[in-house]
Amino acid sequence: MADIYFCGSIRGGRQDAELYARVIKMLGEYGQVLTEHVGHKEIGEKGDDMDEREIHDRNMKWLDQAEFVVAEVSQPSLGVGYEIGQAVNMEKRILCLFRESCGRSLSCMIRGLHNDQSVVVKDYKEADLPAILKEFFSEANNGVEASQPCV
Ligand SMILES: O=c1[nH]c(=O)n([C@H]2C[C@H](O)[C@@H](COP(=O)(O)O)O2)cc1CO
């Protein structure tokens, strides 16, 4: 079973935590989500009750281990942006999900990563998620290479 690293805002704001939990549940169909805690209601804006260095090192290990990275990027978060940048350097297959209805503009530094192969950036409505995930993971399983240039 593939390992999936899910990214969602924690200190950037927990407004979308319930949505993250629903995305994580859907991702369960495609693999094991290493960062399930990102969708836990009990995790507030303070984050995990752990030393910050330990959180960073644990997460970087998980990111390295993961085959896929799925990031919900509607709520701006420094940590999520950092994780995506690291994942690009690690040549992971990455799906960034931006909710059209959130009223913000997605950073060019994320939207500009889209290459429709190793990095997919999608504007979405929640009802579209099952189809978007199905397409992302089936293309991945059809052997699209992870290390495509991001241009
Ligand atoms: O307590 C934490 N636990 C944790 O796993 N993270 C990771 C996972 C999330 O995808 C991302 C959220 O970053 P931020 O807290 O800057 O919004 O960082 C972040 C924190 C707090 O910064």
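In listed order, ligands and their atoms are each counted from 1. Reckoned from all heavy atoms, side chains included, excluding hydrogens, waters and symmetry mates.
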Does Glu45 have a non-hydrogen atom less than 4.0 Å from ligand 1?
no
Determine, considering heavy atoms only, which of Val80, Leu78, Asp48 sits nearest to atom 3 (N) of ligand 1.
Asp48
Which atoms from ligand 1 have a heavy atom of Asn59 less than 4.0 Å away?
4 (C), 5 (O), 6 (N), 7 (C), 8 (C)
Interfacing atoms of ligand 1 (cut-off 4.0 Å, heavy-atom, Ile55):
1 (O), 2 (C), 3 (N), 4 (C)
Tell me the protein heavy atom at minimum distance from atom 15 (O) of ligand 1, and give that distance in Å.
Arg11 N, 2.7 Å
So is Gly12 polar-close to ligand 1, meaning N/O to N/O under 3.5 Å?
yes
For the 3.5 Å polar cut-off, considering only N or O atoms, please tell me whether Tyr5 and ligand 1 meet it.
no
Nitrogen or oxygen of Lys46 less than 3.5 angstrom from that of ligand 1
no
I want to confirm something. Looking only at heavy atoms, which of Pro76, Gly8, Gly47 is nearest to atom 12 (C) of ligand 1?
Gly8
Using a strict 4.0 Å cut-off to heavy atoms of Ser9, name the atoms of ligand 1 that fall inside it.
17 (O)
Heavy-atom count check: over 12 atoms from other residues, nucleotides or ligands less than 6.0 Å from Met1 CE?
yes
Do any nitrogen or oxygen atoms of Val38 come within less than 3.5 Å of a nitrogen or oxygen of ligand 1?
no
Gln75: heavy atom below 4.0 Å from ligand 1, yes or no?
no
Number the atoms of ligand 1 from 1 as they appear, then name those within less than 4.0 Å of a heavy atom of Cys7, with their elements.
10 (O)
